Amino acid sequence: MITSERQQELRGWFAGRLPDDLFEEVTEVTVDREEITVIGRIGAPRLAEDAPAAERDAALRSRIEEFRERTREERIAAARDAEHRFGRKVSWGVECGARRALFTHVAAPVMTRLRQPERQVLDTLIAGGVARSRSDALAWCVRLVQRHTDDWLTELRDSLEHVQRVRAQGPDADTREDTAAPDA
């Protein structure tokens, strides 16, 4: 479980490590056991107010592609530093106008044993064209649950952080110092 303090430390580290002109702002830094994802805002292309939707979409895609190629070396250098320091892979993405794009991200396998009724749910999603595979169907289910239970999950994460703080204050917190061998 990643605490909000650890999350803030990561956000601060990236704010200090990244060149000031890389993003207009770092909008999001998320972390789990395997990956740190850094999302930054970049400037949208200037277009006429009445530009058609297709032109706007093409301009945003093009700006994102240009940014990705131009900043590749800077992002790789920062990712190497972060991976060494934090022991996790770093993924990148941008927000440009109304568009959000992830350049890279980790797809971590998850071990699970599903009984037939659960597998039937996944197979129904595949048959209905919602997913291409059981793995896609499971990811779809997780996103659906996440969307509808975000408040509950936030409360659970906050509770887990509280438990970690209380454990750190317990009687075992100082045992390392108490068990040190006396000087001879």
Side-chain angles (χ1 to χ4, degrees), residues 1-14 23 26-42 53-54 56-58 60-61 64-65 67-68 75-76 78-80 82-173:
M1 164 78 192
I2 305 301
T3 64
S4 60
E5 184 177 326
R6 184 69 166 161
Q7 185 103 9
Q8 292 166 0
E9 178 188 342
L10 284 164
R11 187 176 178 83
W13 186 89
F14 278 99
F23 296 119
V26 174
T27 59
E28 189 177 319
V29 176
T30 55
V31 62
D32 65 13
R33 292 179 189 173
E34 293 84 21
E35 175 182 31
I36 300 168
T37 304
V38 180
I39 309 280
R41 175 162 300 286
I42 61 173
R56 286 187 184 284
D57 190 53
L60 291 174
R61 276 195 321 257
I64 290 168
E65 289 170 14
F67 174 86
R68 183 178 185 184
R75 290 182 295 106
I76 288 172
R80 277 193 205 116
E83 288 169 9
H84 178 72
R85 181 179 179 110
F86 301 111
R88 292 172 172 85
K89 292 292 184 186
V90 176
S91 299
W92 299 94
V94 295
E95 293 175 352
C96 182
R99 213 175 162 79
R100 182 180 185 130
L102 288 177
F103 301 155
T104 57
H105 53 278
V106 173
V110 178
M111 296 294 292
T112 186
R113 293 181 185 259
L114 299 177
R115 294 191 175 6
Q116 189 176 35
E118 291 96 7
R119 292 191 313 266
Q120 287 174 330
V121 169
L122 300 179
D123 292 342
T124 301
L125 292 171
I126 294 167
V130 173
R132 295 182 309 263
S133 65
R134 284 183 173 171
S135 177
D136 281 348
L138 186 57
W140 185 89
C141 291
V142 169
R143 287 190 303 270
L144 181 65
V145 169
Q146 180 184 20
R147 183 176 307 137
H148 293 291
T149 60
D150 206 31
D151 292 339
W152 183 83
L153 288 172
T154 299
E155 188 175 334
L156 180 61
R157 287 183 190 106
D158 291 345
S159 296
L160 290 171
E161 285 184 31
H162 178 72
V163 168
Q164 288 178 340
R165 283 192 303 274
V166 171
R167 281 185 185 153
Q169 297 169 0
D172 295 338

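Just the heavy atoms: all of them, side chains too, but no hydrogens, waters or symmetry mates, feed the values below. From a predicted model like this one, the values you see are computed outputs, not experimental measurements.
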inquiry  = Could you measure the distance from the CD atom of Q169 to the CD atom of Q164? Nearest 0.5 Å is fine.
reply    = 12.5 Å

task = Please name the pair of heavy atoms, one in V90 and one in A82, separated by the smallest distance, quoted to 0.1 Å.
result = CG2-CB, 3.6 Å

N/O donor-acceptor pairs under 3.5 Å from side chains in residues 141-155, not counting sequence neighbours:
| unit_1 | atom_1 | unit_2 | atom_2 | d |
| --- | --- | --- | --- | --- |
| T149 | OG1 | V145 | O | 2.5 |
| T154 | OG1 | D150 | O | 2.9 |

request  = Only pairs at least two apart or in different chains count here, so list each salt bridge (Lys or Arg N to Asp or Glu O under 4.0 Å) that has a residue in residues 90-103.
outcome  = E28-R100, R41-E95, D57-R99, E95-R100

Closest approach of T30 to Q7 (non-hydrogen atoms, all atoms of both residues) = CA-NE2, 3.5 Å

key: Donor-acceptor contact below 3.5 Å, side chain R88 vs main chain V31   = no

ask   = Do the non-hydrogen side-chain atoms of V29 and I36 ever get within less than 4.5 Å of each other?
value = yes

query = Can you name the closest pair of heavy atoms from R75 and W92 and give their distance?
reply = O-CZ2, 3.3 Å

inquiry  = For the OG1 atom of T37 and the CZ atom of F103, what is their distance to the nearest 0.5 Å?
reply    = 12.5 Å

inquiry  = Strictly distance-based, threshold 3.5 Å: is any side-chain N or O of E161 a donor or acceptor partner for the main-chain N or O of S4?
reply    = yes

message = Just to verify, what does R132 make a salt bridge (charged side-chain N to carboxylate O under 4.0 Å, His left out) with, not counting sequence neighbours?
response = D136

query = Does the pair L122 and L114 meet the rule for a side-chain contact (heavy atoms from CB on, under 4.5 Å), with working shown?
reply = CA-CA 10 Å; L122 300 179; L114 299 177; 3.4 Å; yes

inquiry  = Any non-hydrogen side-chain atom of V26 less than 4.5 Å from a side-chain atom of V38?
reply    = yes

query = Where do A131 and A137 come nearest, in terms of heavy atoms and distance?
reply = CB-N, 3.4 Å

note = Residue set satisfying ring pair (Phe, Tyr, Trp, His ring centres under 6.0 Å) with F14, at least two apart, ordered chain then number -> none

remark   = To the nearest 0.5 Å, atom CZ of R80 lies from atom CD of E83 at 9.0 Å

message = Test of understanding: with side-chain hydrogen bond (donor to acceptor under 3.5 Å, both in side chains), list the residues that count as partners of E35, not counting sequence neighbours.
response = S91

task = With side-chain contact (heavy atoms from CB on, under 4.5 Å) as the test, would you mind laying out the steps for F86 and R6 before giving the verdict?
result = CA-CA 11 Å; F86 301 111; R6 184 69 166 161; 3.5 Å; yes

key: Of all pairs that satisfy side-chain hydrogen bond (donor to acceptor under 3.5 Å, both in side chains), the ones with a partner from residues 116-126, not counting sequence neighbours   = D123-R134

